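Here is the structure we will look at, set down as structure tokens.
These numbers come from a predicted model, not from an experiment.
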Amino acid sequence: MSDPREGLTVTHRRYIPYSHAHYAGDLVDGAYVLGLFGDVATELCIRTDGDEGLFASYSDVQFRAPVRAGDVLETTAVLTRAGTRSRVMEFEARVVCRGRPDKGESAAEVLPDPVVAVTASGTVVVSAPGG
């Protein structure tokens, strides 16, 4: 029997400022996106359990496309399995807008098709299961 909380989805969007560029080409390091996954996981745990939870592990992290300063990144967590105290989630980060410095200093565009930049699975442990 599956838990009725399974399938719950939380999504955040965040503009990535140029101050977070870490590498040439205004690239942002992968740890930045993992931090955003932690944010959506926290909200998901608050919604399901009334507890912020603690990250236990990431698995199968895939960096699929670059994330750059000037991007608007949409991060999503989906609860895929709820154990007694553990919550397994699938994460995806998509670039939905991108800066276009080639068209002007502050130019940007909404991407017609979001670019999947990072995917991962993760396990969070809650201390107050079931709220």
Do [X] and [Y] sit in the same hydrophobic cluster, where Ile, Leu, Val, Met, Phe, Trp and Tyr count as joined when their side-chain heavy atoms come under 4.5 Å apart?
| X | Y | answer |
| --- | --- | --- |
| Tyr58 | Val10 | yes |
| Val124 | Val88 | no |
| Met89 | Val126 | no |
| Ile46 | Val125 | no |
| Val28 | Tyr15 | no |

If every non-hydrogen atom of [X] is compared with every non-hydrogen atom of [Y], which pair is closest and at what distance?
| X | Y | answer |
| --- | --- | --- |
| Ser127 | Arg85 | CA-NH2, 4.0 Å |
| Gly38 | Phe55 | CA-CE1, 4.0 Å |
| Pro17 | Ala69 | O-CB, 3.6 Å |
| Asp71 | Gly99 | OD1-N, 4.3 Å |

Look up atom [atom1] in [X] and atom [atom2] in [Y], then write down how far apart they are to the nearest 0.5 Å.
| X | Y | atom1 | atom2 | result |
| --- | --- | --- | --- | --- |
| Thr9 | Arg47 | OG1 | CZ | 11.0 Å |
| Leu79 | Leu8 | CG | CG | 6.5 Å |
| Arg68 | Tyr23 | CZ | OH | 14.0 Å |
| Thr48 | Arg87 | OG1 | CZ | 5.5 Å |
| Asp49 | Leu44 | CG | CG | 8.5 Å |

Discussion item. Does Leu54, at its CG atom, have more than 12 non-hydrogen atoms belonging to other residues, nucleotides or ligands within less than 6.0 Å?
Written reply: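 It does not: Leu54 CG has 12 such atoms or fewer within range.
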
Worksheet entry | Arg98, CZ atom: more than 12 neighbouring heavy atoms under 6.0 Å |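 Atom CZ in Arg98 is crowded, with more than 12 foreign heavy atoms closer than 6.0 Å.
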
Practice prompt. Under the side chain to side chain donor-acceptor pair (under 3.5 Å) rule, collect the residues that match up with Asp102, sequence neighbours excluded.
Written response: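 Once residues adjacent in sequence are excluded, the partners of Asp102 under the side chain to side chain donor-acceptor pair (under 3.5 Å) criterion are Arg100.
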
Do the non-hydrogen side-chain atoms of [X] and [Y] ever get within less than 4.5 Å of each other?
| X | Y | value |
| --- | --- | --- |
| Thr75 | Phe37 | yes |
| Leu27 | His22 | no |
| Asp39 | Arg14 | yes |
| Asp51 | Cys45 | no |
| Tyr32 | Val67 | no |

Worksheet item: side-chain hydrogen bond (donor to acceptor under 3.5 Å, both in side chains) with Thr76: which of His12, Arg13, Arg94?
Response: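 Answer after filtering His12, Arg13, Arg94: Arg94.
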
Anything under 3.5 Å between a donor and an acceptor, one on a side chain of residues 113-121, the other on a protein residue two or more places apart or in another chain? List them.
unit_1 : atom_1 : unit_2 : atom_2 : d
Thr119 : OG1    : Arg64  : NE     : 3.0
Thr119 : OG1    : Arg64  : NH2    : 3.3
Ser121 : OG     : Glu90  : OE1    : 2.9
Ser121 : OG     : Glu90  : OE2    : 2.8

